[in-house]
Amino acid sequence: MTWLALAATGAEAADDITAPDGRREYRGQGLVMSVTARTPAQQFAFYSARGFPEDAVRRIAQRCFLTVGIRNGRSDIVWLELDEWRFIDDQNREHKSTRRDEWNALWRRINLPPAYRATFGWTQLPERRDLHPGESAGGNVTLAPPPAVFALEARFRTGGDGHGSLLQVRFDNLSCPRGDTL
Amino acid sequence: MSRFVLLCLLPLVSAPVFSAPLPKGLLEQDGRPAPTLRLATMEGKTTDIAALRGRWVLVHFWASWCVPCRREMPTLQGLSTVTPALPIRLILVNTAETDEEVFAFLNIIAPNLETLMDRDGQVTERWQPRGLPASFLVDPEGRIRYLALGGRDWLSPDYLLFLRSLGAPVVPVEPSRGDADPVY
């Protein structure tokens, strides 16, 4: 199915309920999915506290970090595949997420020690995962900060072979807080 | 569940059990050989999983920044108090953190536990957990048989029953209609 077709079928929008910490949450179709946009100060605090070199922390804080949690409450497998997610701004422009390969290339360039690369990797959302019934996955999805508000459209294949029903979730009015500069 | 209740429960759990239902959140694996794991604690005490052949080993990967790890760790400490009565050995592996970070965490959350230190995270990479925390159950022949998805309460009765059943004798099963796989 193409994204054009997806637009025709429409994704189920996430609730507008926002937790005090800015977390947005969707519950439906057997999924629980949350998205929290991190501030540069939060990113800086987390990685600095773990001893990351300043250069690495500065580069991290320049990116938009969305902390995503997903729980599969269904009785079949749900496929988490970042290739099936889109970030669309209010001008209908698509913004690509930054993939592990790109981060790893950056870490190689600045000679980030292996322990920090490992920690950074484990704090990222898996790019592909078959979520079994009851299984959760969590971590950050990163992208260059879009200029304004944007939406996350996520779709999930289901079933062991991925040929089950297609789940679609949309988070509108997301933004990457850039106000609390370091 | 208090430790007292747990200890009272153990004799019941210790009764011969030939098969226990797979607890929720535990995924059967294909029996691939466990990757090498030879690491030291903060004090320099080394453990090599190859030397633990002949018994089940629960290998748990964790990090202090991981929220589910914080919730699960006290239950692992509780499990460590009953493992002498269970047919398993518990191994903790911290992923890519420093002595200071690990000490500060364990000292508060689970002061009786020791952890191996995967200082550069490379051992964790070899084991390819699905995330942190992650727990693998390795059989006496050194093969990965089960993977625990995310965190859980290791002291829950269904998990204790299952862990106890790992030491049960093999029950001969008559193959029927092609179901010829050996059953533990």
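Here is the naming used below: chain letters follow the sequence lines, and residue numbers restart at 1 for every chain. Just so you know, these numbers use all the heavy atoms, side chains as well, and skip hydrogens, waters and symmetry mates.
- In this structure, chain A has no heavy atom under 4.5 Å from any part of B:E100.
- Hydrophobic clustering (side-chain heavy atoms under 4.5 Å, transitive across Ile, Leu, Val, Met, Phe, Trp, Tyr) groups B:F105 together with B:I108.
- Distance check: A:H132 NE2 to B:L27 CG gives 4.5 Å after rounding to the nearest 0.5 Å.
- Residue A:R117 holds its CZ atom at 9.0 Å from CD of B:Q122, rounded to the nearest 0.5 Å.
- At a threshold of 4.5 Å between side-chain heavy atoms, the hydrophobic network of Ile, Leu, Val, Met, Phe, Trp and Tyr places B:L26 and A:I77 in two separate groups.
- With a 4.5 angstrom heavy-atom cutoff, A:S136 does not touch chain B via any of its atoms.
- Counting all heavy atoms, side chain and backbone alike, A:A118 lies closest to B:A96 at CB-CB, 3.9 Å.
- Contacts between residues 126-134 of chain B and chain A, defined by a heavy-atom separation under 4.5 Å, are made by B:P129, B:R130, B:G131, B:L132.
- A:Y26 and A:L82 fall within the same hydrophobic cluster, where Ile, Leu, Val, Met, Phe, Trp and Tyr residues are linked whenever their side-chain heavy atoms come under 4.5 Å apart, directly or through other members.
- How far CH2 of A:W122 is from CH2 of B:W62: 15.0 Å, rounded to the nearest 0.5 Å.
- Proximity to chain B involves both the backbone and the side chain of A:R50, based on heavy atoms less than 4.5 angstrom apart.
- B:L92 and B:I88 fall within a single hydrophobic cluster, where Ile, Leu, Val, Met, Phe, Trp and Tyr side chains are chained together by heavy-atom contacts under 4.5 Å.
- Using a 4.5 Å cut-off between side-chain heavy atoms of Ile, Leu, Val, Met, Phe, Trp and Tyr, with links allowed through other members, A:M33 and A:I88 fall into different hydrophobic clusters.
- A:T119 and B:T95 make their closest contact through OG1-O, 4.4 Å (heavy atoms, listed as atom of the first residue, atom of the second, distance).
- Looking at A:F46, the atoms closer than 4.5 Å to chain B (heavy atoms on both sides) all sit in the side chain, from C-beta outward.
- More than 12 heavy atoms of other residues, nucleotides or ligands shown are found within 6.0 angstrom of CD on B:E43.
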